[in-house]
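Following: one structure in structure tokens, then a few remarks.
Every number for a ligand or one of its atoms is a count from 1 in the order of the listing.
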Amino acid sequence: MKPDLFEAPDYYNLDDLLSDEHKLVRDAARAWVKRDVSPIIEDYAQKAEFPKQIISGLAEIGAFGPYIPEEYGGAGLDQISYGLIMQEIERGDSGIRSTASVQSSLVMYPIWKYGNETQRKRYLPKLASGEWIGCFGLTEPDHGSNPSGMTTNFKDMGDHYLLNGAKMWISNAPFAQVAVVWAKDETGRIHGLLVERGMEGFTTPETHNKWSLRASATGELIFDNVIIPKENLLPNKSGLGAPLGCLDSARYGIAWGAIGAAMDCYDTALRYSKERMQFGKPIGQFQLQQKKLAEMITEITKAQLLTWRLGVLKNENKATSAQISMAKRNNVDMAITIARNARQMLGGMGITGEYSIMRHSMNLESVITYEGTHDIHLLITGLDITGLNAFK
Ligand SMILES: Cc1cc2nc3c(=O)[nH]c(=O)nc-3n(C[C@H](O)[C@H](O)[C@H](O)COP(=O)(O)OP(=O)(O)OC[C@H]3O[C@@H](n4cnc5c(N)ncnc54)[C@H](O)[C@@H]3O)c2cc1C
């Protein structure tokens, strides 16, 4: 892969809206991605393997629990810092950002928000340091967009619970030490359970042959009469709102992350357009290529503004789920369009691993699908503005 010459576009001087701390956190993440991710990521994506050696680096830049209080090992940062870290990591690779998102928002967040003090103290410091990696089991083979239909269930056996069922498409599953698993009790109410690797009857087969998020490990979670100690139930929230609360936090991170992928594609195409000569001119001098670049920077700038504002609302605890859906949907769509156009601007070179664009393009096919598909987020906006529920 070519050396990482990334220069972040900031067309509307958005840096002026960031605090010194925001810039410090972002610049540390950016430097780490250049040093530790860019040189190896293409190779790991090609061989479809998660680069485990970067786990300690992710912990050091605060990517595991950026907004979790320091007393539990988190970085104690605000929501804009969290977003900027996700942006920088996804600038490197969406698969690496997925690992960080799952760990922070889908594993640490529910333990912090819905767990008791013993659970927080047992799990959060280990997850923040990267000693343990977690995963989040919501999706099932027959229940993706409609998780309320889940069939994974647990029975109260007196001194323990008995868990049965299966989850599919679970990021980090093949090597996670702990899984936050959403399952129904005997009344049909959804609860979160902490399932640890090594529990009898719990297996995590890896999902192979992905053309997308190849540097992120994906797998199944299979529960065959797994005995779960009663103290492993998250006590402070139940019902579908519990997993959806985690998804809000993760989707917010994705909205920022997608900007990172788009920035990388734009920056690569811009540089290439000044270097690549055809018909005796740099291709950037042709109007058709300028149109592509001008539209890219316009869309990136709009997404940056939308997302920064969402971050301010989130810091004030005012961001709604529907506002987060809008940003996730808009930004991933924006990024996937930019990746496609940037790929074309590089001609044949665009399909190779010499450049990051094709990898971003393929990764974004997962990002536009997970954490609520593009269609589902549109329906969430539709429901919010009309009050009429298209899901029923
Ligand atoms: C790489 C990867 C990693 C993932 N990681 C995780 C993870 O860590 N944990 C986890 O729990 N899940 C994870 N997922 C699962 C992901 O969240 C689901 O794939 C996603 O929610 C969609 O579910 P589905 O694949 O079953 O598609 P389906 O729900 O079957 O949807 C198929 C199509 O139908 C459309 N559709 C569905 N319902 C409606 C409707 N009411 N109206 C209109 N259109 C509709 C969808 O938009 C989509 O286009 C991951 C997925 C991938 C690909």
Do the side chains of Asp4 and Arg30 get close enough for a salt bridge, i.e. N-O under 4.0 angstrom? no
Any side-chain heavy-atom pair of [X] and [Y] under 4.5 Å:
{"X": "Leu310", "Y": "Gln323", "result": "yes"}
{"X": "Ile111", "Y": "Leu194", "result": "yes"}
{"X": "Asn315", "Y": "Val312", "result": "no"}
{"X": "Lys328", "Y": "Met326", "result": "no"}
{"X": "Glu196", "Y": "Met199", "result": "yes"}

Is atom 34 (O) of ligand 1 touching the protein, meaning some protein heavy atom lies under 4.0 Å away? no
Does the protein place a non-hydrogen atom closer than 4.0 angstrom to atom 30 (O) of ligand 1? no
Are any of the N/O atoms in [X] less than 3.5 Å from those in ligand 1?
{"X": "Lys210", "result": "no"}
{"X": "Leu138", "result": "yes"}
{"X": "Ser145", "result": "yes"}
{"X": "Ser171", "result": "yes"}

Between Tyr82 and Val25, is the side-chain contact (heavy atoms from CB on, under 4.5 Å) condition met? List the steps. CA-CA 9 Å; Tyr82 161 44; Val25 164; over 6 Å; no
Do Asp78 and Ser81 have side-chain atoms, one donor and one acceptor, less than 3.5 Å apart? yes
When you measure from [atom] to each heavy atom in [options], which option holds the nearest one?
{"atom": "atom 51 (C) of ligand 1", "options": "Phe136, Trp182, Phe391, Trp169", "value": "Trp169"}
{"atom": "atom 12 (N) of ligand 1", "options": "Leu213, Asn146, Ile376, Thr139", "value": "Thr139"}
{"atom": "atom 23 (O) of ligand 1", "options": "Ala217, Gly144, Cys246", "value": "Gly144"}
{"atom": "atom 49 (O) of ligand 1", "options": "Asp375, Leu379, Thr369, Thr373", "value": "Asp375"}

Which of the atoms in ligand 1, numbered in the order shown and given with their element, are less than 4.0 Å from a heavy-atom of Ile170? 7 (C), 8 (O), 9 (N), 10 (C), 11 (O)
Can you list the ligand 1 atoms lying under 4.0 Å from a non-hydrogen atom of Glu371? 17 (O)
Test: Lys47 cationic atom under 6.0 Å from Tyr44 six-membered ring centre, within 45° of axis: yes
Give the residue, atom name and distance (to 0.1 Å) of the protein heavy atom nearest atom 1 (C) of ligand 1. Ser366 OG, 3.6 Å
Nearest-contact summary for atom 2 (C) of ligand 1 - protein heavy atom, Å: Tyr370 CD2, 3.8 Å
